[in-house]
Each structure stands twice: as C-alpha cells, then as structure tokens.
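Predicted model, so just to flag it, every value in this text is computed and none were measured. Per chain, numbering begins at 1; letters A, B, ... match sequence-line order.
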Amino acid sequence: MSLSAGPQGAVPASRPAMHRYRTHRCGEPRSEHVGGTVRLSGWIHRKRDHGGLLFLDLRDHTGITQIVVHPDRPFFAEAERLRLESVVSVTGRIVARTPETVNPTLATGEVELVADALELLSAAEPLPLVVNTEREQPEELRLRYRFLDLRREVMQRNIRLRSAVIRTIRRLMHEQGFTEFRTPILTASSPEGARDFLVPSRLHPGKFYALPQAPQQYKQLYMISGFDRYFQIAPCFRDEDARADRSPGEFYQLDVEMAFVTQDDVFAAIEPVMVGVFEEHKQPGWTVSPAPFPRLAYDEALLRYGTDKPDLRNPIRIADVTELFRGSDFKVFANAIEQGAVVRAIPAPGAVGRPRSFFDGMVAFAQSLGAPGLGWIALEPAGARGPVAKFLGEERLAKLREVAGLATGDAVFFACAKPAEAAKLAGAVRIELGKQLDLLEKKTYRFCWIVDFPMFEWDEEEKKITFSHNPFSMPQGGLEALSTKDPLEIKAYQYDIVCNGVELSSGAIRNHRPDIMEKAFAIAGYGREELERRFGGMLRALKYGAPPHGGIAPGLDRIVMLLADTPNLREVTAFPLSQRAEELLLGAPSPVTEKQLKELHIMLDHVAREKLREEAERAAAARAAEASGAAEGAGG
RNA sequence: GGGGACGUAGCUCAGCUGGUCAGAGCGCCGGCCUGUCACGCCGGAGGUCGCGGGUUCAAGUCCCGUCGUCCUCGCCA
C-alpha cells in the first residue's frame, strides 16, 4: 500500500533515477547534505504528532534521522496513523535545523528530512515488547520475538561486536601463520567428557552420529597430517545444563592447535591474540593486563583464590592458617584439624567499621553454601574482636596478621573443612567479600594462566581414577611418571586462560605417544582393547609419525561477553536457546512425524509419548482460549 | 535431579499485617495541538492477578501442587 503517488513521482524527471529504497542510511545525513534530495528507508523508531506537524524518527542500523511531515502533504493523515516499527521509505529534502531546534544527542541532529513522499513498505502490528527502550523486557518475550529484541541498540552493538571480534581474531591468527580449517559436524560419540548430542543414522539403523563437543581429535589429526598451525572458529555442542556463562546446546571456540611446540610456545602464540582482541574491542576507559600473563599453578590457585578461575581484580588473597589453630583453644577448629580439616583465612580489608549485620550476613552466606558456619575476627584499634578472637593468644594473633597479611582495621574470616571444601568455601567468601566491600578493580581485564592441572582425579561416585581434564593431554614426566608416581600426584601439560574470573579456555600439550597414551588410559581403567575400540582412529594416527603438538581453545562467546561487559551469554548471542535449551522463536526441539521416526528406526517410549500428548493438549487449550478471547473482542 | 527468585493490563511496575485493591506510567484506540526530539493536553478500551486445588465469612495477598522465565548446586574430559 502506498501512501503517496509512489517514489517515482517524488523525483523530478530531470534527476537521475533514484534508488528504489534509499540513497543514504538513516545515520548519514549531515549539514553537507542540506539542499539535497535523499531517500531513506527504515523503521519508525518514535513519533511526535503535533497535529499541525508530525515528526518521525526513522531508524536503521546506522542511526536515526528526524523526518518532518507537513500537514499539506497528501500522505499526512496516513503518516499520523503509522505504528512504531513500521517500515517506510521517505523521500525529501535535507534541510538545516534552526539553531534552537538542533538536537545535539543525535549524530544527524543538525539536519532533518522534510518528507515529500512516503511509502509504507511494511506495516507493524502493535508491539509485544518495546523496541525503543533499554528498559528490561521479559526474557521469554525477548526470545520469542528475537527479531524485535535484536533491533534494540545494545543488541545491535553486541552482535556486531561478535562479528568484529571474529574478524580481528582471523586477522591476528593469519598474521601468525595459522591456517583456518573446518572439521566435521557429524562425527563419532566419544567416552569421557560431556553428554553428546546424538543424530540417528538412517542408513545404519541403531547407530548414531554425535555432534562434536569440540573438534579435539580432528585438529590433532590435522597436526599429524602435517598442517602445523590450525585454527577454526569452531562450533561446539554439549548436552549439559546451562548457566549464565554457559550456553546450553552450542557455543563457539577459537580452536587452535600447533605442531612442534612446548607449552611456552602456545602461550606465546595466544597471548598476543587475546591482548590484541581485547585492546581492539574494549570499551572506552578500560585497560587490558599486558602479556605475558601471570601463571598460577592449579594447587596455588586453589589455595590462594579458592578456585581454578580466580578473578585477579579482587585483591583478597586466602592464606592457610591451619597450623595457627592446631592445638588452639578454639576447639571447634582444633578438633576438626585433628580429623584432617584445614583452616583458610580470608581477609576482609577495612571491614572493621562494618555493622554487626555485615558479619552475620557473611556467616549466613557461608551457611547457605552448606558450611556449618564462618569464624571471624575484627582487628580493631583497641584489639581483636569477634567470636574467634578470644581463643587466640597474642602470639597466635600476631602470627595470623603476618600470614594473612592483615592490618589494624581489617577483618578476617575463617573457613574450616576438608581441603577441597575449605578451598571452595573460602573462594566463595572471597568473591562475596569482594562484592560487598566493593574491592574489585574497575574497567580492567586481568588475565592469568592456570597451569599444572592434575592429570587424574578420584571419582568418588564411580570409585575410580578418571582423567581430570583432557584424556589426550601429555602427563608431565611422561611414561616414567605414569609408571612410578601416584597417579593423583601427576600433573599434566594442561592449562587454562582465566580473565576476570571467567574461564576463557583450556588447552594442553597433547600426548602424541601411543605407548604413553596406552599407559594413561590404563590408569583411568581403559584396557587396551577398549582404548582400541573407542579411540582406534586416533591411536592409529599416532603410530605413523605424529609430531609433538598442543593447543588451546578460548571460548568466543565468553570473550564477546567480557568485551560487551554483560554477565549473560544470551546478550551476545543472536538466537540463543533458553535455560531449558529451547529455541522459542522457531520452536526447537519439536516433535517429528511417525514417518521420520520410522525411517530412523526409532520408537518413542511411553514417557516421551505422554509428554508430547500433555504438551499438545496444553497448546490446544491455549489456542482455544485465545480464539474465544478474540471472538469476544470482535463481538464487543 | 536439588535449591532459590520472579509471574498483577500489550510493556514497566504499585498494590503493607487477608477486608473500596483492580491501580499508575508507557503503548493501543478516539479527539485537540506547526518545532518536537521520552512532545504536550483531553477522553476511552483493555485484567479468569500464570494455571489448578485448599484454608477462610472473605484470597493478587496465606498454604499445597503445577506451568513458564531466570539464577544456582549437581553436571560441564
């Protein structure tokens, strides 16, 4: 439907034919365009109707231009009726605004477009959510009407940021002599690791492809094939539950692998890429910690930060004070220590002035995490105060100050538990204190490497030794370590990059020796035969000349999330799945036909059939309710 | 699988210890308005208070269940 004589009618015949939709973008008009005839197309962002004069803010991805519609125009009445987010094409003259009507908040604010023709390209129904606001909108509606949500300025910025980050990564990787490769999406399920997404095979009844959790084996095969330096912006699929910083279903990694390298070579290759990307795309005023990044051993990270992904913006360092409490008058701790517990001190710098509710709140916080409680001491000028203070003599208090780095005016909390639990509790308290005391450095990206991860760990559930990370990692000390050391003592050439408490990537120097691999898998309980069956392809590849190699895989989505300074991956993902792994716009996952199932030799069990039936009923009821509501509305 | 938060008009929210509690702003519809830029003014429509059950003389309000969204523990080599 046209609101004017049509675009052609608006252009004098003497001018060269105008583009059907636009001569400029909505963010472009400037003073230099004054007097020119232009055509803009875009969405109606806002409307200000003065009756005798109508202003439309016309928006596209480049910005907004104010359109002025005068009442003598034949399309005036219909322009007044245009709903927000309708798509129109406007043709007219760019005119300078008078000084008092200039809008300095708009890039195009010195000019405006006086409409001579206006064509409605696509009418919008009343909106289910508000586009022209940064106000919060319900998550479900945002996902269901993602195309509207993505029109909002922040989302436009975030999605473009992702694209720009990828462009920079590709440039930096190519500059370092890396080549981009692809790897299969339909691949084989592998034991260990996350739950696979499975794809049934039509040609092979009863067999399944798996979507790759990461292109791990394929990138190693590229190395073995002699390609030397691989990278890929790689899609990864894991069927695990979501978190704010963990997309359900699928995510992307900057997947990297290098041949003939040591751990230091990998670090040296990836550090400039991370710094480069962050420097290039950080927001104004932010700083990036320079390379080389500090390296923390896994054990030390657990002790000093209570986590293997420490946020170095938080100045609090945890200290082990077990010996201070051993044999002390504080029997709760002293007795626990005899039972194998440790005590960790978490300093709370400058917390002495805090009200009692602060300390009680921290105790409650610890209890909410399952701890029996949380001891604390406040080092006031007049002396130590708090429930634990009276049990420590002057000597022990002095030692505590020294070990935990405390000064008068500080408080300190104590976590007492078995080492792993104590670390976890202390880590959580450290983070909470950082928040409550507002201790975190602002506008800073602080990177670090976590190195020397354990090769194996004890699986309490299965009562056996398992790989603690990547089973293809090279154990430090090689075959000899595997043969002579306590497996739980063996470290791997396994490392993570952490930035601001976010685990950005993990990587490893791989195990390229079949004999060492056989031994490592034996320790994790895989016999030769099973290893052959599950990793036969990989093992075979290692037997024909495999270069030493290693790599890393920074999470792309998390990088963009950090750069966008948002706590949630959905904010930097165009079409994310919901918490329950559903795509609410097109509707995935969805039921399939009997025919499709039959071709795949798949039968649904009664649980699945019942769920589908219930869901179909609910949907039908919802449709019926909507239909009757609509009928009433029409009748009234 | 466990724990938590939230769910009141299309959207953002208010609604206290159960008793004029069916409200506001924005949006929508109608009217007025020639310099606004979150335009303004007047009027109107719109709600099974997510759904189901219970307690009560009385339930957005209390209890139980359920659905949905999010956060989180488990899980994520």
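- Arg144(A) contributes no side-chain N or O that forms a donor-acceptor pair with the base of G68(B) under 3.5 Å.
- Residues from residues 48-56 of chain A with heavy atoms under 4.0 angstrom of RNA chain B, sorted by number: Arg48(A), Asp49(A), His50(A), Gly51(A), Gly52(A), Leu53(A), Phe55(A).
- Within the nucleic acid shown, Arg46(A) comes within 4.0 Å of sugar-phosphate atoms alone, with no base atom in reach, counting heavy atoms only.
- Rounded to an integer number of Å, the gap from CD of Glu110(A) to C1' of G35(B) is 17 Å.
- Nearest nucleotide to the Arg238(A) side chain, out of C76(B), C37(B), C70(B): C76(B).
- If you look at Phe467(A) and Phe472(A), their ring centroids are not closer than 6.0 Å.
- In this structure, Glu139(A) reaches the sugar-phosphate backbone alone: every heavy-atom distance under 4.0 Å involves primed, P, OP1 or OP2 atoms, never a base.
- Using a 4.5 Å heavy-atom threshold, the side chains of Ile67(A) and Phe55(A) count as separate.
- In textbook terms, a nucleotide whose glycosidic angle is within 90° of 0 is syn, while G23(B), being further out, is anti.
- A9(B) and G23(B) are spaced 14 Å apart, taking the P atom of each and rounding to whole Å.
- Figure legend. G52(B) is base-paired to C64(B); pairs are counted as Watson-Crick or G-U wobble with both atom distances under 3.5 Å.
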For nucleotides 8-11 of chain B, give me every protein contact, N/O to N/O, under 3.5 Å, one pair per line with atom names.
residue: G10(B); atom: O2'; partner: Pro128(A); partner atom: O; Å: 3.1
residue: C11(B); atom: O2'; partner: Gln137(A); partner atom: OE1; Å: 3.3
residue: C11(B); atom: O2'; partner: Gln137(A); partner atom: NE2; Å: 3.4

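- Side-chain to base pairing of Glu240(A) with G74(B): no donor and acceptor N or O lie closer than 3.5 Å to each other.
- Pairing for C16(B) is absent, judged as Watson-Crick or G-U wobble with the two contacts each under 3.5 Å.
- OP1 or OP2 of C71(B) lies within a sub-4.0 Å distance of a side-chain N or O belonging to Arg570(A).
- Looking at residues 93-100 of chain A, you'll see Arg97(A) sit with a heavy atom under 4.0 Å from some atom of RNA chain B.
- Applying the salt bridge (charged side-chain N to carboxylate O under 4.0 Å, His left out) test to residues at least two apart or on different chains, the pairs with a partner in residues 568-581 of chain A are Glu139(A)-Arg570(A), Arg142(A)-Glu571(A).
- When the side chain to side chain donor-acceptor pair (under 3.5 Å) test is applied to Asn314(A), no partner is found at least two apart in sequence or on another chain.
- One P atom belongs to A59(B), the other to G54(B), and the distance between them is 12 Å to the nearest Å.
- A 3.5 Å limit on both hydrogen-bonding distances identifies G44(B) as the Watson-Crick or G-U partner of C28(B).
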Quiz prompt | Full working for side-chain contact (heavy atoms from CB on, under 4.5 Å) between Ile465(A) and Trp458(A) | solution = CA-CA 5 Å; Ile465(A) 288 175; Trp458(A) 180 252; 3.8 Å; yes
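- Across all strands shown, A38(B) forms no Watson-Crick or G-U wobble pair with both key distances under 3.5 Å.
- Between C76(B), U34(B), C70(B), one nucleotide has an atom nearer to the side chain of Gln579(A) than all others, and that is C70(B).
- Using modelled atom types, no side-chain atom of Asp496(A) and backbone atom of Val498(A) make a donor-acceptor pair closer than 3.5 Å.
- By the ring pair (Phe, Tyr, Trp, His ring centres under 6.0 Å) test, Tyr222(A) is found to be paired with Phe181(A), Phe227(A), Tyr230(A), residues two or more places apart in sequence or in another chain being considered.
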Open item on the list: Go through it in stages, so that I can follow the logic: the residues are Thr466(A) and Phe456(A), the test is side-chain contact (heavy atoms from CB on, under 4.5 Å), and I'd like the CA-CA distance, side-chain angles, deciding distance and then a yes or no.
Closed with: CA-CA 6 Å; Thr466(A) 61; Phe456(A) 302 101; over 6 Å; no
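- OP1 or OP2 of U69(B) has at least one side-chain nitrogen or oxygen of Arg580(A) nearer than 4.0 Å.
- Between the side chain of Glu614(A) and the base of U66(B), no donor-acceptor pair under 3.5 Å is found.
- Among Arg46(A), Arg59(A), Lys47(A), the single residue meeting the salt bridge (Lys or Arg N to Asp or Glu O under 4.0 Å) criterion with Glu85(A) is Arg59(A).
- With hydrogens and angles ignored, a donor-acceptor pair under 3.5 angstrom links the side chain of Arg246(A) to the base of C76(B).
- Base-pair partner of C75(B): not found among the strands shown (Watson-Crick or G-U wobble, both distances under 3.5 Å).
- Counting any heavy atom pair closer than 4.0 Å across all strands shown, Asn568(A) reaches sugar-phosphate atoms only and no base atom.
- Contact annotation for Ser468(A): backbone-only contact, meaning every heavy-atom pair under 4.0 Å involves sugar-phosphate atoms and none involves a base.
- Comparing G43(B) with U8(B), their P atoms are spaced 28 Å from each other, to the whole Å.
- Nearest-nucleotide mapping onto RNA chain B: of Asn470(A) and Val68(A), the residue sitting toward the 5' end is Val68(A).
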